[in-house]
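So that the names make sense, note that chain A is the first sequence line, chain B the second, and so on, each numbered from 1.
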2 protein chains.
Amino acid sequence: MTDGLDNAAEDRELLFDRIRNALADEIATGKLEAGAALDEQQLADRFGASRTPVREALRQLAANGLVEVRARRGVVVARMTPERIMDMFETAAEIEAMCVRLATYRMTPLERSHLIELHDASEPIVKKGDFDAYDTFNRAFHEAIYHATHNSFLAEEAIAIRHRLMAFRRAQLQQEERLDRSRAEHEAIMQAIAEGDGEMASRRMRAHMLNAATALRRFIEANKFG
Amino acid sequence: MTDGLDNAAEDRELLFDRIRNALADEIATGKLEAGAALDEQQLADRFGASRTPVREALRQLAANGLVEVRARRGVVVARMTPERIMDMFETAAEIEAMCVRLATYRMTPLERSHLIELHDASEPIVKKGDFDAYDTFNRAFHEAIYHATHNSFLAEEAIAIRHRLMAFRRAQLQQEERLDRSRAEHEAIMQAIAEGDGEMASRRMRAHMLNAATALRRFIEANKFG
DNA sequence: GAACGTATTTTTGCATACACAAAACAGCCT
DNA sequence: AGGCTGTTTTGTGTATGCAAAAATACGTTC
């Protein structure tokens with residue numbers, strides 16, 4: 001059996017990784033505003049490095065959609081309008097819905113019991129209101145569903161999109177009742193899975209994701225972000 | 001023979017683009033077998049270039065999933081088993097199904113008439129049995145649907161996945177009756193769209209994609225590919 | 001004053017050079 | 001023989017230099 005997440009193996013963080021993470025953070029937090037030109041030499045100076053790792057970092061950011069490269073014309077921060085973020089959330093919601101539908105029909109009894117265990121374990125976390133722990137659980141919960149689709153490519157895509165959305169975790173929605181509602185929605189999804197009703201699980205998952213997105217939209221609009 | 005896999009927006013082709021395309025082709029055609037180590041200096045010599053553009057090409061291939069990079073341990077050709085290719089096709093089918101469902105509910109009358117025009121124009125192409133022309137049309141047809149979702153992020157993702165699958169176009173299924181069937185399936189999808197039945201359009205699109213995948217699977221198994 | 005063409009500057013794309021980590025190898029020990 | 005350890009070797013990660021293409025500044029012409 002392959003474990004699933006194996007690349008936690010970054011012993012010594014590579015330079016371009018540090019630069020990429022730093023830039024990703026600055027873009028996500030809005031420090032670098034949309035459309036801003038990213039000069040390679042300038043960034044190299046800022047990070048005390050050469051242009052080489054900066055270039056590599058920028059290309060990776062481009063692959064993640066955070067920046068846009070124009071051949072021979074430099075790199076600019078991708079403009080992340082609220083509309084685009086909502087598009088991303090909708091896409092993520094649809095993909096999650098797709099995953100849970102396939103997972104419902106394909107998961108093994110072992111995978112099902114594992115998911116139930118995970119879900120049960122989240123109750124005390126909600127009770128305590130531990131946001132970080134819930135975030136970790138939530139990720140594991142959703143990734144367990146991806147895995148249960150028995151489609152590794154789809155699982156990777158789902159993880160990638162989740163990762164891209166993670167960039168906006170600064171609006172982490174640390175609201176008490178959202179934690180409660182989130183778990184209640186998980187509960188409903190679990191029930192549909194238990195009944196083997198993939199379509200219902202799918203609809204509930206979509207609603208679950210869109211609820212989170214709506215909460216984020218409110219946050220975005222309140223903070224005049226974008 | 002294998003041209004136009006990228007957008008024609010690049011005036012003068014950059015060196016790393018040429019290298020990337022060449023490598024992508026060699027990987028797709030199986031010239032470079034799965035698991036093979038890709039030495040940067042070696043490739044640089046082969047292309048008469050330096051390591052710099054080779055590195056960039058390899059990173060882009062990694063972003064497209066054709067190779068795998070292990071930090072400080074080089075790059076290897078991703079192992080593309082038939083199972084993985086089928087996973088990719090299933091994912092593509094599900095995403096296409098998702099797109100056509102959303103498009104059915106959201107497309108404007110203008111977009112609808114454009115799609116009808118496209119579909120009508122494909123009839124003489126099928127009659128003539130012009131595979132290249134049908135390929136071009138097919139792409140336009142599907143991309144029109146992506147666009148009609150009015151979700152630009154989703155549209156980009158769909159295009160990206162279609163692009164990744166394009167790597168396996170060597171099994172281009174140049175079979176007369178497949179062309180006919182493909183258009184007939186489009187016809188059925190169009191009808192569901194016309195009736196405003198997104199769910200039915202979705203199911204038919206999924207079937208359409210999976211038919212193509214099944215045809216490919218037969219080809220793969222017949223050719224002992226993998 | 002505006003439009004155009006040219007010179008200058010800036011910045012990317014590529015080449016080369018170097019440092020250091022990890023595999024490959026050799027010799028030594030048990 | 002087999003395993004451990006120090007050394008060599010290979011190859012990646014990073015720095016720097018150079019040339020060409022954009023961007024910009026400038027002067028000329030109308």
Side-chain angles (χ1 to χ4, degrees), chain A residues 6-24 26-27 32-79, chain B residues 5-27 32-79:
Chain A
D6 40 5
N7 48 355
E10 282 163 17
D11 312 81
R12 244 173 309 282
E13 201 174 30
L14 254 25
L15 189 44
F16 70 84
D17 270 317
R18 281 193 42 248
I19 297 174
R20 171 172 53 75
N21 291 339
L23 287 177
E26 292 185 17
I27 292 172
L32 283 168
E33 60 188 279
L38 297 173
D39 185 86
E40 293 179 1
Q41 186 61 52
Q42 203 171 317
L43 290 173
D45 295 342
R46 250 194 65 209
F47 287 103
S50 77
R51 279 177 51 215
T52 311
V54 171
R55 270 181 79 86
E56 192 146 342
L58 289 176
R59 298 304 164 126
Q60 289 198 21
L61 291 173
N64 279 357
L66 280 101
V67 303
E68 198 177 334
V69 301
R70 302 159 306 170
R72 293 182 201 275
R73 301 185 71 197
V75 177
V76 296
V77 178
R79 49 190 201 82
Chain B
L5 58 99
D6 229 335
N7 42 9
E10 284 158 17
D11 310 84
R12 238 176 311 280
E13 200 175 31
L14 255 26
L15 187 45
F16 70 83
D17 268 317
R18 282 191 43 249
I19 297 174
R20 170 172 55 76
N21 291 340
L23 287 177
D25 200 55
E26 292 186 17
I27 292 172
L32 283 168
E33 60 188 280
L38 297 173
D39 185 87
E40 292 180 1
Q41 186 62 51
Q42 204 169 316
L43 290 172
D45 294 343
R46 249 193 66 209
F47 287 102
S50 77
R51 278 179 53 214
T52 312
V54 171
R55 271 181 78 85
E56 192 147 341
L58 289 176
R59 298 306 165 122
Q60 288 197 21
L61 291 174
N64 280 356
L66 281 99
V67 304
E68 199 177 332
V69 300
R70 302 159 305 170
R72 290 182 201 274
R73 302 185 72 195
V75 176
V76 295
V77 178
R79 50 189 199 82

Would you mind telling me which of B/Val76, B/Leu61, B/Leu23 makes a side chain to side chain contact (heavy atoms under 4.5 Å, CB included) with B/Val67?
->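 Result for side chain to side chain contact (heavy atoms under 4.5 Å, CB included) with B/Val67: B/Leu61.
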Is the number of heavy atoms from other residues, nucleotides or ligands within 6.0 Å of CD (B/Glu33) greater than 12?
->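 Counting other residues, nucleotides and ligands, CD of B/Glu33 stays at 12 neighbours or fewer.
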B/Val69 versus B/Ala62, closest heavy-atom pair with distance |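 Taking every non-hydrogen atom into account, CG1-CB, 3.9 Å.
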With side chains defined as the heavy atoms from C-beta onward, is the minimum distance between A/Glu26 and A/Val77 less than 4.5 Å?
->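 They are not in contact (no side-chain heavy atoms under 4.5 Å apart), so the answer is no.
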Protein-nucleotides 11-15 of chain C N/O pairs under 3.5 Å:
unit_1, atom_1, unit_2, atom_2, d
C/dT11, O5', A/Asp39, OD1, 3.2
C/dG13, OP1, A/Arg72, N, 2.7
C/dG13, OP2, A/Arg55, NH1, 3.1
C/dG13, OP2, A/Arg55, NH2, 3.2
C/dG13, OP2, A/Arg59, NH2, 2.9
C/dG13, N7, A/Arg51, NH2, 2.9
C/dG13, O6, A/Arg51, NH1, 3.0
C/dC14, OP1, B/Leu15, N, 2.6
C/dA15, OP2, B/Ser50, N, 2.7
C/dA15, OP2, B/Ser50, OG, 2.7
C/dA15, N7, B/Thr52, OG1, 3.0

B/Gln41 side chain to B/Asp45 side chain, donor-acceptor N/O pair below 3.5 angstrom |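 A pair is found: one side chain offers a donor N or O, the other an acceptor, under 3.5 Å apart.
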